[in-house]
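Okay, so here's the structure we're looking at.
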Amino acid sequence: MGREYELKYQANPAVLEAIQGDFPGFHTIAMETTYYDTPDGTLGRLHWTVRRRLENGVSVCTVKTNLPDGSRGEWEVEAAEVAEALPRLVNMGAPEELLSHCAQGLLPTCGARFTRKAAMVCGGCCELALDSGVLLGGGKEEPLCEVEVEQKQGTDEETACFAKALAEKYGLVPQPKSKLARARALITNSK
């Protein structure tokens, strides 16, 4: 199983620029994300994420689920469409219930469009991502500007230690909500 452990922080363009100036090796990824749910909202109630993201034009489909330790299960596969990806993601270890939950079909619900500047840091244990763009939902847009520190290897403690030092140095405030939760809120607020 893939496991995602990341820490997110609210930011502004000046902070992103300062961080980028202090760390070498950033590369740029254009991201266009579409989030999906069943017509009756099953995935949302389970706090599961199904998304298709174009990363510099490459279609990557992802499933995320909550894990008991507070991290997330995460499985990704390159696929043109979510329907094509689901059986492959289950074969990779995503919950088998995914297929029965999605049997009624999936509908796009909300999304995000942003540019990510990413670099490996902390001796390669973490990816530092600087995201700037918009969240999309309910016909509305909301600015997106955040910093993510995602564990790629090593321990949760190493990742948390690096993230804490970064937050202290740049005055970052934790962002407790995912991009999906914030994009879904735009739908709720548009009704």
Side-chain angles (χ1 to χ4, degrees), residues 1-8 10 29-116 118 127 129 131-146 148-152 156 174-191:
M1 167 183 60
R3 177 180 175 267
E4 177 188 59
Y5 177 70
E6 70 181 10
L7 299 139
K8 292 179 185 275
Q10 300 170 26
I29 309 164
M31 303 267 197
E32 292 183 41
T33 302
T34 303
Y35 296 102
Y36 294 85
D37 205 341
T38 60
D40 66 358
T42 298
L43 299 178
R45 284 191 302 280
L46 292 170
H47 302 286
W48 290 8
T49 301
V50 172
R51 76 171 186 222
R52 178 177 176 258
R53 181 178 278 170
L54 294 176
E55 300 178 5
N56 286 339
V58 176
S59 179
V60 178
C61 296
T62 304
V63 170
K64 296 184 182 188
T65 63
N66 291 330
L67 296 176
D69 68 357
S71 65
R72 310 258 299 159
E74 179 179 36
W75 301 267
E76 290 187 334
V77 66
E78 284 187 26
E81 298 295 332
V82 171
E84 167 196 336
L86 292 178
R88 293 170 58 196
L89 292 163
V90 168
N91 285 339
M92 293 170 67
E96 288 185 31
E97 300 88 355
L98 180 67
L99 297 177
S100 59
H101 290 318
C102 296
Q104 61 183 302
L106 291 171
L107 300 172
T109 59
C110 54
R113 186 176 54 248
F114 58 99
T115 300
R116 171 169 285 174
E127 179 183 69
D131 294 344
S132 180
V134 292
L135 299 168
L136 308 163
K140 294 182 176 179
E141 290 187 3
E142 178 178 290
L144 167 68
C145 191
E146 69 184 21
E148 289 185 9
V149 176
E150 182 173 350
Q151 180 179 325
K152 294 299 184 181
D156 292 0
Q175 172 52 267
K177 295 182 180 177
S178 68
K179 289 178 182 72
L180 172 57
R182 289 177 280 155
R184 276 189 182 145
L186 293 173
I187 298 167
T188 303
N189 294 336
S190 69
K191 294 181 180 179

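Note that the coordinates shown come from a computational prediction; the quantities given were computed from them, not determined experimentally.
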Under 3.5 Å, side chain of [X] to main-chain N/O of [Y], donor-acceptor pair present?
X      : Y      : answer
Asn56  : Ala30  : yes
Thr109 : Tyr35  : yes
Arg182 : Lys177 : yes
Ser59  : Ala79  : yes
Arg52  : Ala80  : yes
Arg184 : Gly137 : no

[atom2] on [Y] to [atom1] on [X], rounded to 0.5 Å:
X      : Y      : atom1 : atom2 : result
Asp40  : Leu107 : CG    : CG    : 10.0 Å
Glu4   : Lys152 : CD    : NZ    : 8.0 Å
Leu144 : Arg116 : CG    : CZ    : 9.0 Å
Glu150 : Glu127 : CD    : CD    : 6.0 Å
Thr65  : Leu46  : OG1   : CG    : 10.0 Å
Asn91  : Glu96  : CG    : CD    : 9.0 Å

With side chains defined as the heavy atoms from C-beta onward, is the minimum distance between [X] and [Y] less than 4.5 Å?
X     : Y     : answer
Leu99 : Leu86 : yes
Thr42 : Arg45 : yes
Arg72 : Glu6  : no
Pro95 : Trp48 : yes

Open item on the list: Set out, in order, the CA-CA distance, both residues' side-chain angles and the distance that settles side chain to side chain contact (heavy atoms under 4.5 Å, CB included) for Met92 and Val77, then state yes or no.
Closed with: CA-CA 9 Å; Met92 293 170 67; Val77 66; 4.1 Å; yes
Indicate yes or no: does [X] engage [Y] in a salt bridge with an N to O separation below 4.0 Å.
X      : Y      : answer
Glu142 : Lys179 : no
Lys8   : Glu148 : yes
Arg113 : Glu141 : yes

Open item on the list: Heavy-atom count check: over 12 atoms from other residues, nucleotides or ligands less than 6.0 Å from Glu78 CD?
Closed with: no
Open item on the list: Which residue in the set Thr49, Val82, Leu43, Val50 passes side-chain contact (heavy atoms from CB on, under 4.5 Å) when paired with Val63?
Closed with: Val50
Open item on the list: Checking Leu106 against Thr38 for the side chain to side chain contact (heavy atoms under 4.5 Å, CB included) test, could you report, in this order, the C-alpha distance in whole Å, the side-chain angles of both residues, the deciding distance, and whether it holds?
Closed with: CA-CA 5 Å; Leu106 291 171; Thr38 60; 4.0 Å; yes
TODO: Might you work through the side chain to side chain contact (heavy atoms under 4.5 Å, CB included) test for Glu146 and Phe114, ending with a clear yes or no?
DONE: CA-CA 11 Å; Glu146 69 184 21; Phe114 58 99; over 6 Å; no
Task: Ser71 versus Arg3, side-chain donor and acceptor atoms under 3.5 Å - done: yes
- [ ] Give the intermediate values and the outcome of side chain to side chain contact (heavy atoms under 4.5 Å, CB included) for residues Cys110 and Leu135.
- [x] CA-CA 8 Å; Cys110 54; Leu135 299 168; over 6 Å; no
